[in-house]
Every structure is written in structure tokens, then in C-alpha cells.
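Step one of this worksheet: look at the structure below.
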Amino acid sequence: MVVTVRFFAMLKDAAGADRCDLEVPEGSDGLEVRRRLVSRCEKLSNYLDYCRVAVNREYGSWCTPLRHGDEVSLIPPVSGG
Amino acid sequence: MLRMRAVTGDPITWEDVAVMQRHATRISSGALASFIGVVRADKRGHRVVQALEYEGYPDMVQPQIDRWFQEAHNQWDLTTIQIRYRLGLVSVGEISVVVIVAASHRRDAFAACRFIVERIKHDAPIWKREWFDDGTTQWSQCDEHHDPVHADV
């Protein structure tokens, strides 16, 4: 199955893109996405420990089960205001 | 309950704030609490902030704001809430965010206004990049200390 990963702020800089489509096995969760991202782009590993995860625009966790077509947003520490 | 698109790429003027305050006021409103966030010229060593570049995820922010409005209305006796949040490059002295809460009484207005502002600060997927007077930039660290989010790996 394929999920879309969204990058913001410093993660976008590290990834060199604001999104990517990632093929993962059926039944994968955020942890599998994380493993595959780090193997593709080692620089991301500096930030992922501090990120929250949102699935389809709702905060979830790295263990949230994913389905084909889901959007996984990596949310670095926010600094609005 | 008033719903509006809260996130904007357009400048927020002091005239806009006055219009929002006027629109938030109802005949049952005895108190109007306003929070106005303005970009300040912070110093980082020898560098001085000239502007903040706000990046956000509006498709996620808007439903959050709708939910916070509902929570605030459930918790306090409010008449209206209005929020405007500016994304993009905002110069020192310009307005980045406005939160206006109207209520019958001041305690509810103050409490709900603070609640909304704190939710924005802690949960809204919005980030800021500092632009300095020497031409350098850096992503701003948030005010509170952040522990790693354990991923159970």
C-alpha cells in the first residue's frame, strides 16, 4: 500500500521536499514509515524523536495503524503565536 | 457559534482588529477580551530578528480551531469567538495573531481567551522561522522544553 508523508518546517528542509509517497507493507504503522524514511534520508533521524504524528490531519501516534492512501504528517515541535 | 476561515496570508491591520472587535460584540456581551500577538525584535547574540516567517498546515489548523471553539463554548458562557492567524513573512511590529472572545462577564472572556491562545501555542501545527538583520535565518525553538516523543522503537 502507499501512504503520503507530509513534511513541515525544519523537516521539509531536511527532506528537501514537502511530501513524498511511500510504499509500505499492508498493516504498517507509523514506525514502519519512520524506518523507511530514515533509510532514505538519514538527516531526518535528527528530528523524528521530537515529532508528533498526525494521520489524516488528526494527532495520533507512531503506532496508529495505517491504510492505503492515508496521509501521515510529521509535526515537529510547534512554535506558533 | 461563528465559524470563519481563521488562517490568512494577508496582513492583519489594526483596523481589521477594530472590525473584528465590533463584529464580536453583541447586545448580550458585557466583556470583550482580546489577545493580539505582535512580532518583536528578539536578540540572538549579535543578531536581531527583523521578521518571522510563519508556516502552517491550514487544513489541520481549521478543524482544531472549530473543536477549541466548541470546547470553549461548552466550558464558559460566551457569545462569540474570533481568530485570525497570519501565515507568511511578518515584519517586526506587525500583527501575527488575533483572538477575540466576547462574553457576558469578564471572567469567562479572560479565561476562554487564554484557553484559545494556549491551544494555539501548544497544539496548532504552525512554525516560525526567524529572519535576522544579517540575512541569516533559523527555525524558532518553542518556548517550552520539549522531551523526545517516544516512539516505542
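In what follows, chains carry the letters A, B, and so on, assigned in the order in which the sequence lines appear, proteins first and then strands, with residues in each chain numbered from 1.
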Interchain contact, A:D13 with chain B, by part (heavy-atom threshold 4.5 Å)
side chain
The interface call for A:S61 against chain B, heavy-atom contacts under 4.5 Å, is neither
Cation over ring, A:R6 on B:Y57, under 6.0 Å and within 45°?
yes
Under 30°, 30 to 60°, or over 60°: which ring-plane class applies to B:Y85 and B:Y54, parallel, tilted or perpendicular?
perpendicular
Side-chain H-bond candidate by donor/acceptor type, B:Q70 with B:D66, under 3.5 Å
no
Between B:S140 and A:S79, do the side chains contain an N or O donor and an N or O acceptor separated by less than 3.5 Å?
no
Given heavy-atom pairs under 4.5 angstrom as the criterion, report whether the side chain, backbone, both or neither of B:Q64 touches chain A.
side chain
